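Not measured: the values here are computed from a predicted model. In what follows, chains carry the letters A, B, and so on, assigned in the order in which the sequence lines appear, proteins first and then strands, with residues in each chain numbered from 1.
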Amino acid sequence: MHKKYYITTAIDYANGDPHLGHAFEKIGADVLARYHRLRGDDVLFVTGMDEHGQKVAQSAAKEGRTPQQQVDEIARRFQEAWAALGISYDRFVRTTSESHKVGVRALIERIFERSPDSFYTKTYAGWYCVGCEAFKTDEEIVDGKCVLHGTRTLEWVEERNWFFRLSEYADRLRTLIASGEFLQPRSRANEILSLIDQGLDDVSASRARAGWGIPFPRDTGDGEPQTTYVWFDALPNYITEVGFPDTQGEFAKWWPADVHIIGKDITRFHSLIWPAMLIAAELPLPRLVWAHGFVLLGGDRFSKSAGVTLDLQDAVSRYGADPFRYFLMREVPFDADGNFSWERFEERYNSDLANAWGNLASRTIAMVEKYCGAIVPAAELNDLDALDAVDMAAYDSAMRENLPNRALDHVWASVARGNEYVDRQAPWKLAKDPAKRGELEATLAALVRQLVRQAIVLSPFMPGRCTELLSQLGAPAEFLNVDGKMDSHLRGNDVERLGADGKMTFDATGWRVAKGASLFPKRETH
RNA sequence: GGCAGGGUAGCUCAGCUGGUGAGAGCGCACGACUCAUAAUCGUGAGGUCGCGGGUUCGAUCCCCGCCCCUGCUACCA
């Protein structure tokens with residue numbers, strides 16, 4: 001019996017090229033999605049783009065393009081980046097798609113029907129900054145300009161908008177978040193609780209300025225067309241992509257989402273406005289909102305203006321996507337901030353990948369070739385398997401808690417055990433004594449089994465290299481199907497590689513190993 | 001300013017409700033081995049556990065004060 005697992009990422013604002021921050025989130029979500037596929041869950045992994053807003057329209061104008069041309073181009077670049085990083089999403093949602101627009105309007109209408117008091121109109125007057133797409137308070141205005149956009153002039157705007165009565169939901173939201181199960185990690189839940197305790201303000205649901213967006217389905221009575229404001233435009237992507245407003249079929253199968261993976265900076269929208277919208281619409285709430293931290297560069301948050309950036313293409317081309325994915329997942333906790341530096345990357349690459357794991361594979365395969373004619377000998381399970389089982393179980397529970405970095409710690413405990421085991425058994429000595437033939441074979445078979453286990457549990461992190469290792473170990477075809485290329489997702493699964501209890505069953509006896517190129521070659525030192 | 005979290009070996013961090021000599025990984029030094037990507041295995045150096053008080057037979061872990069860092073303090077997303 002397979003469970004369904006619907007995982008989403010934040011949809012990225014189509015206002016620039018993909019960067020390390022975007023990549024970290026997508027890689028993290030991808031690792032979780034692949035892990036669940038490995039377990040045999042029926043996975044739906046959705047990511048995409050948020051493509052409306054005045055800033056998009058303006059940058060398009062600057063480029064001499066229509067807004068649609070502009071977002072088409074940016075969406076293409078994001079999808080290229082995700083392909084290069086091996087992000088195995090099932091669907092790429094775009095808020096400019098017709099189906100999304102239909103879904104958004106339907107959701108708003110549904111809220112009008114089910115919770116008639118949730119929307120109301122209010123006239124708002126103030127200085128409006130186009131750069132921020134927001135009204136500014138006196139403190140935010142210096143010399144008649146917005147402090148963040150000193151080159152743009154502010155506009156005095158009076159408009160009648162639709163508001164959403166978020167304040168009305170404060171009690172229910174507090175209960176929801178205080179449970180500790182809806183919003184994680186706990187530190188983020190605590191921040192939102194304190195926000196609730198300060199009192200929730202109602203939020204805009206529409207803007208009167210005709211803009212690049214979805215027309216709000218109802219007018220405010222002053223004749224001005226209303227455009228759906230960002231929350232009501234972007235957040236519903238999680239349901240429109242699974243068929244809403246049709247609540248049968250796909251929607252019934254996938255919704256509610258099992259987890260929304262988001263950055264900690266947009267926690268409040270996902271843990272307050274989104275559930276309030278769903279309550280108002282009388283729709284089920286997602287099971288979990290997971291707010292990850294940020295990847296810092298040299299201790300600073302990356303930013304284009306400060307020159308703190310990292311070119312994704314460059315990052316991938318240096319060692320390949322797999323080591324890059326591994327490094328980010330190993331070095332940056334998924335529940336807090338972490339640091340990226342090439343210095344650290346090289347350390348990790350050399351010690352963890354090349355020296356420890358890559359070399360363990362290399363020496364094991366070489367010995368099976370040398371001492372056993374390249375055929376994996378038959379042998380009973382031994383202590384190595386038993387000790388590894390503890391680490392594999394720990395890996396499993398860490399993955400279920402959305403902490404891939406901790407899961408990797410346990411896999412590397414297994415890797416270290418493997419290298420110790422080789423030295424302790426010293427197969428090269430056993431090979432010289434015909435009386436120890438049995439022990440030699442038991443040793444090498446145990447090492448092959450261990451590598452298979454490691455390749456399987458690491459495949460969500462490094463799908464390409466793990467497939468390569470399994471291939472070198474002589475694993476049959478169904479074992480090799482762990483790559484997550486865009487055109488060959490591992491869906492459902494034919495072979496239960498990782499059971500519901502985290503245990504694996506397979507028999508490597510008789511596999512023909514073939515040593516190939518190094519899994520993690522060291523670069524020329526210069 | 002308020003609220004929350006944190007300051008432990010060169011680096012990244014573990015240390016549950018206070019108690020035999022404060023730990024891991026990486027890095028470093030020395031030794032062993034030779035199957036392997038000059039990889040691996042073993043041993044070791046070494047830290048006033050942010051600062052100052054207090055409670056206690058005894059505190060890195062409790063209390064008070066101070067210093068420093070980070071996050072949140074709502075409509076860019």
Side-chain angles (χ1 to χ4, degrees), chain A residues 10-16 50 52-56 124 129-136 146 148-149 161 163-164 166 185-205 207 229-231 233-235 262-269 272-273 291 293-294 296 299 301 330-333 336-339 341 343-344 347-348 350-371 405-406 409 412-413 416 418-431 440 443-444 447 515 517-523:
Chain A
I11 52 174
D12 301 309
Y13 196 45
N15 195 36
D50 173 14
H52 288 131
Q54 282 183 302
K55 268 191 279 194
V56 169
Y124 198 99
C129 173
V130 174
C132 296
E133 294 185 47
F135 287 97
K136 311 308 287 187
C146 162
L148 299 177
H149 297 91
N161 295 329
F163 277 75
F164 178 68
L166 181 65
R186 187 74 216 188
S187 55
R188 306 264 81 102
N190 290 338
E191 287 177 2
I192 297 300
L193 284 173
S194 81
L195 192 73
I196 295 173
D197 290 337
Q198 290 168 44
L200 294 180
D201 294 336
D202 294 341
V203 296
S204 307
R207 281 290 147 82
Y229 195 49
V230 57
W231 330 125
D233 178 329
L235 290 167
I262 59 161
K264 63 183 185 180
D265 53 338
I266 53 175
T267 307
R268 74 167 58 99
F269 311 130
L272 296 175
I273 299 175
F294 293 135
L296 310 177
R301 182 157 181 199
R330 179 68 189 256
E331 196 75 5
V332 184
D337 293 350
N339 232 314
S341 76
E343 203 178 2
R344 190 75 177 157
E347 281 177 18
R348 281 284 184 202
N350 286 329
S351 64
D352 294 0
L353 298 179
N355 295 349
W357 197 45
N359 186 52
L360 177 62
S362 174
R363 65 201 305 210
T364 297
I365 294 170
M367 288 189 286
V368 172
E369 287 188 335
K370 195 164 181 176
Y371 304 134
N405 58 309
R406 266 183 29 198
D409 286 342
W412 256 262
N419 278 316
E420 287 164 27
Y421 182 73
V422 174
D423 279 48
R424 186 152 24 88
Q425 294 297 103
W428 50 93
K429 286 183 186 165
L430 298 175
L440 172 65
T443 297
L444 295 179
L447 285 167
K515 188 160 184 177
S518 292
L519 243 42
F520 304 101
K522 289 192 180 173
R523 299 170 94 208

A:Ser351-A:Arg348 side chain donor-acceptor pair, cut-off 3.5 Å: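 No - no donor-acceptor pair under 3.5 Å links their side chains.
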
Say you pick atom [atom1] in [N] and the same atom in [M]; how far apart are they, in whole Å?
N      : M      : atom1 : answer
B:rA4  : B:rC41 : P     : 45 Å
B:rA9  : B:rG23 : C1'   : 10 Å
B:rC63 : B:rU56 : P     : 16 Å
B:rG27 : B:rU70 : C1'   : 27 Å
B:rA77 : B:rG6  : P     : 33 Å
B:rC69 : B:rC75 : C1'   : 29 Å
B:rU17 : B:rG7  : P     : 14 Å
B:rA59 : B:rU20 : C1'   : 16 Å

With respect to the side chain of [X], which nucleotide from [options] is positioned closest?
X        : options                : value
A:Arg344 : B:rC11, B:rU40, B:rU37 : B:rC11
A:Arg207 : B:rC75, B:rC3, B:rA36  : B:rC75
A:Arg188 : B:rA77, B:rG71, B:rC41 : B:rG71
A:Glu420 : B:rA77, B:rC41, B:rC72 : B:rC41

Taking any strand in view, what nucleotide pairs with [N] in a Watson-Crick or G-U wobble way, both distances under 3.5 Å?
N      : value
B:rC28 : B:rG44
B:rA22 : none
B:rC16 : none
B:rC66 : B:rG50
B:rC61 : none
B:rG71 : B:rC3
B:rU56 : none

Rounded to the nearest Å, what distance is computed from the [atom1] atom of residue [X] to the [atom2] atom of nucleotide [N]?
X        : N      : atom1 : atom2 : value
A:Glu347 : B:rC28 : CD    : C1'   : 12 Å
A:Trp428 : B:rA32 : CH2   : P     : 16 Å
A:Asp423 : B:rA39 : CG    : C1'   : 10 Å
A:Leu195 : B:rG2  : CG    : C1'   : 13 Å
A:Asn190 : B:rA4  : CG    : P     : 9 Å
A:Asp197 : B:rG2  : CG    : P     : 18 Å
A:Lys370 : B:rU34 : NZ    : P     : 12 Å
A:Phe294 : B:rG71 : CZ    : C1'   : 10 Å

List the atom of [X], the atom of [Y], and the distance in Å for their closest heavy-atom pair.
X        : Y        : answer
A:Ala291 : A:Lys264 : CB-CA, 3.9 Å
A:Ala234 : A:Ile11  : O-CD1, 3.8 Å
A:Gly338 : A:Pro333 : CA-CD, 4.3 Å
A:Ile196 : A:Leu200 : CA-CD2, 4.0 Å

Any base atoms under 4.0 Å from [X], or only sugar-phosphate, or nothing? Heavy atoms, all strands.
X        : value
A:Ala366 : sugar-phosphate
A:Asp201 : base
A:Leu200 : base
A:Gly199 : base
A:Arg348 : nothing
A:Leu519 : base
A:Tyr371 : sugar-phosphate
A:Asp233 : nothing

Give the ring-plane orientation class for A:Phe520 versus A:Trp357, where under 30° counts as parallel, over 60° as perpendicular and anything between as tilted.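 Because their plane-to-plane angle lies in the 30° to 60° range, the rings of A:Phe520 and A:Trp357 count as tilted.
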
Can you find an N or O donor on one side and an acceptor on the other, under 3.5 Å apart, linking the side chain of A:Asn359 with the base of B:rA36?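 Answer yes: a donor N or O sits under 3.5 Å from an acceptor.
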
Would you say the side chain of A:Ser204 and the base of B:rC75 hold a donor-acceptor pair, judged only by whether the two atoms sit under 3.5 Å apart?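 By the distance-only test, yes, there is a pair.
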
Most 5' of A:Asp50 and A:Ile192 on RNA chain B, judged by nearest nucleotide: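 Its nearest nucleotide lies further toward 5', so the answer is A:Ile192.
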
Quick one: on RNA chain B, does A:Ile266 or A:Arg363 contact a more 5' nucleotide (nearest heavy atom)?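 It is A:Arg363 whose nearest nucleotide is closer to the 5' end.
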
Taking only side-chain nitrogens and oxygens of [X], does any of them come within less than 4.0 Å of OP1 or OP2 of [N]?
X        : N      : answer
A:Lys515 : B:rU37 : yes
A:Tyr229 : B:rA77 : yes
A:Lys522 : B:rA39 : yes

Say you draw a straight line from CG of A:Asn350 to NZ of A:Lys522; how long is it, rounded to the nearest 0.5 Å?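 Here the rounded value is 5.0 Å.
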
Between CH2 of A:Trp231 and CG of A:Leu166, what distance do you get to the nearest 0.5 Å?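 The CG atom of A:Leu166 is 10.5 Å from CH2 of A:Trp231, to the nearest 0.5 Å.
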
Side-chain ion pair, A:Glu369 and A:Lys515, N-O less than 4.0 Å: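 No.
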
